[in-house]
> 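This is the structure, below, for whatever I ask next.
Quick caveat: nothing in here was measured; it's all calculated off a predicted structure. Atom set for the values below is all heavy atoms of this structure, side chains included, hydrogens, waters and symmetry mates excluded.
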Amino acid sequence: MKEVLWTMPTDGQPPARSATDKAPEASSAHLADLIVAIAQTKDRAAFAQIFGHFAPRVKGYLLRLGASNGQAEEVTQEALHKVMLVKAP
């Protein structure tokens with residue numbers, strides 16, 4: 001059985017942020033920096049931000065293509081898991 005890295009919200013929306021969790025708006029440069037941090041140090045906080053940003057978008061896209069909720073969630077998990085496996089050059 002596969003390890004579940006993160007639980008997708010059932011409504012396709014990112015989890016609500018707490019008042020103390022004020023992440024900056026995700027710019028391309030910020031997202032690139034997060035990917036580098038993941039590749040170099042397997043930074044779990046950076047992965048959480050990447051997951052929170054991209055998972056609802058990927059899942060929503062797959063749902064619009066006609067995937068079932070379960071299929072969309074599984075493919076999203078698989079795709080974002082690949083991000084964690086990236087190694088720095």
> Roughly how far, to the nearest 0.5 Å, is OG1 of T76 from CZ of F51?
7.5 Å
> Which value, rounded to the nearest 0.5 Å, describes the distance between K82 atom NZ and E78 atom CD?
6.5 Å
> Which atom pair, heavy atoms only, marks the closest approach of A37 to A46?
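What the structure gives for the nearest pair is CB-CB, 4.1 Å.
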> Looking only at atom types and distance, does a side-chain atom of K87 sit under 3.5 Å from a main-chain N or O of A39, one as donor and one as acceptor?
no
> Look up atom NZ in K42 and atom CG in L85, then write down how far apart they are to the nearest 0.5 Å.
6.5 Å
> Between V86 and I38, does a side chain to side chain contact (heavy atoms under 4.5 Å, CB included) hold up when you go through it step by step?
CA-CA 8 Å; V86 171; I38 294 166; 5.9 Å; no
> Hey, what do you get for CG (L34) to CZ (F47), rounding to the nearest 0.5 Å?
11.5 Å
> Can you tell me how far the CG atom of D33 sits from the CD1 atom of I50, to the nearest 0.5 Å?
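Answer rounded to 0.5 Å: 9.5 Å.
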> Identify, with sequence neighbours excluded, every residue that meets side-chain hydrogen bond (donor to acceptor under 3.5 Å, both in side chains) alongside S28.
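Counting only residues at least two positions away or on another chain, S28 forms no side-chain hydrogen bond (donor to acceptor under 3.5 Å, both in side chains).
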> Okay, side chain of E74, backbone of Q71: is any donor-acceptor separation there less than 3.5 Å?
no
> Distance check, rounded to the nearest 0.5 Å: E73 atom CD versus K59 atom NZ?
4.5 Å
